[in-house]
Amino acid sequence: HIGHSGLLAIASGLHQCKRLESVRIKDIGLEEEDEGDPALAVFLSALPRLEELILGWNHIGEKGLKMLIPVLQKCDQLQFFEMHCCGLTSDDHSMPLLATMLLCLPLLDEIDIDFNVGIGDRGLEQLAPAL
């Protein structure tokens, strides 16, 4: 796992990759305990042309979503967003936060939130107005 420090190191060189459109950050050890992991915000803020973002198998959770919203609002080209097994649940504010984020992504065609077992019917009801 490259985790927080590895992601920061990669982010420092992203200013040279302005045309990067797809990022897969799967299972790299990001944890909600990292206070939403500001390294992820730094990393993504350097990619304004992002069309595909895959964050699966990292525990992003509610804190991570709070951090992602202002960053992804600037990624107005995003078309595909995946958060497999990222600790999303209807027991906190994850689903309303995700709904808020989706409303800011006009070109989003597909969202994949499989394997977030805590979402349930209640979470889908909270997310539905944004779909």
Side-chain angles (χ1 to χ4, degrees):
H1 291 143
I2 65 169
H4 174 83
S5 59
L7 199 55
L8 275 177
I10 293 169
S12 68
L14 281 178
H15 65 280
Q16 299 172 6
C17 301
K18 294 185 185 335
R19 294 181 41 183
L20 193 62
E21 296 174 350
S22 180
V23 173
R24 294 176 177 99
I25 310 172
K26 291 177 85 169
D27 195 20
I28 64 166
L30 298 180
E31 295 289 332
E32 187 174 20
E33 291 76 28
D34 294 332
E35 293 302 314
D37 207 331
L40 186 57
V42 171
F43 183 88
L44 294 175
S45 65
L47 303 169
R49 295 182 58 180
L50 200 59
E51 294 179 6
E52 177 183 74
L53 177 59
I54 298 175
L55 297 174
W57 306 97
N58 290 292
H59 192 80
I60 305 293
E62 178 184 0
K63 290 178 184 177
L65 280 174
K66 285 180 182 177
M67 177 274 316
L68 281 174
I69 289 171
V71 174
L72 290 180
Q73 285 175 334
K74 297 174 187 170
C75 293
D76 59 358
Q77 301 298 308
L78 195 64
Q79 297 171 26
F80 177 78
F81 183 56
E82 180 217 284
M83 291 186 75
H84 281 196
C85 196
C86 286
L88 303 180
T89 176
S90 62
D91 294 337
D92 57 19
H93 295 101
S94 294
M95 292 297 95
L97 287 168
L98 185 57
T100 299
M101 187 173 68
L102 295 177
L103 292 171
C104 299
L105 300 170
L107 298 180
L108 191 68
D109 290 332
E110 186 176 348
I111 180 169
D112 189 342
I113 53 174
D114 282 350
F115 301 103
N116 287 286
V117 295
I119 292 176
D121 291 343
R122 180 174 172 236
L124 292 176
E125 289 170 7
Q126 294 170 329
L127 190 59
L131 299 176

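Both I69 and L72 are assigned to one and the same hydrophobic cluster, defined by single-linkage of ILVMFWY side chains at heavy-atom distances under 4.5 Å. Grouping the Ile, Leu, Val, Met, Phe, Trp and Tyr side chains by contacts below 4.5 angstrom, directly or via other members, places I111 apart from V117. In the hydrophobic cluster analysis, where Ile, Leu, Val, Met, Phe, Trp and Tyr join through side-chain heavy atoms closer than 4.5 angstrom, I54 is grouped apart from M67. Cluster annotation: L108 is connected to L124 through the hydrophobic network of ILVMFWY side chains, with a link wherever side-chain heavy atoms come within less than 4.5 Å.
L65 and I60 get closest at one heavy-atom pair: N-CG2, 3.9 Å. Closest of all the heavy-atom pairs between L50 and S22 is CD1-N, 4.0 Å. For E62 against D92, the heavy-atom pair with the smallest separation is OE1-CB, 3.1 Å. Nearest heavy-atom pair across G123 and S90 is N-CB, 3.5 Å. Annotation for M95 and L127: closest pair O-CD1, 4.2 Å, computed over non-hydrogen atoms. Across every non-hydrogen atom of S94 and G61, the tightest pair is OG-C, 4.2 Å.
Within 6.0 Å of CG on D109 lie more than 12 heavy atoms contributed by other residues, nucleotides or ligands. For NE2 of H93, the number of neighbouring non-hydrogen atoms (other residues, nucleotides, ligands) closer than 6.0 Å is 12 at most.
Atom SG in C85 sits 12.5 Å away from atom CD1 in I113 (nearest 0.5 Å). We find the CD-CG distance between Q73 and L103 to be 10.0 Å, quoted to the nearest 0.5 Å. To the nearest 0.5 Å, the span separating CG on L20 from CD on E51 amounts to 10.0 Å. To the nearest 0.5 Å, atom CD1 of residue I25 and atom CG of residue L30 are 7.0 Å apart. Between D91 atom CG and I119 atom CD1 the span is 11.0 Å, to the nearest 0.5 Å. Separating the CG atom in L53 from the CG atom in L40 is a distance of 7.5 Å, to the nearest 0.5 Å.
For the side-chain contact (heavy atoms from CB on, under 4.5 Å) with M83, the lone residue among L88, D112, D114 that qualifies is L88.
Side-chain contact between C75 and L47 is absent, with no heavy atoms from C-beta onward closer than 4.5 Å. Within the 4.5 Å cutoff, the side chain of K74 has no heavy atoms near those of the P48 side chain.
Using cut-offs of 30° and 60° for the angle between ring planes, the F115 and W57 rings count as tilted.
Taking a cutoff of 4.0 Å between a charged side-chain nitrogen and a carboxylate oxygen, E82 and R24 do not qualify as a salt bridge.
F80 is linked by a ring-ring contact (aromatic ring centres under 6.0 Å, His included) to nothing, counting only residues two or more places apart in sequence or in another chain.
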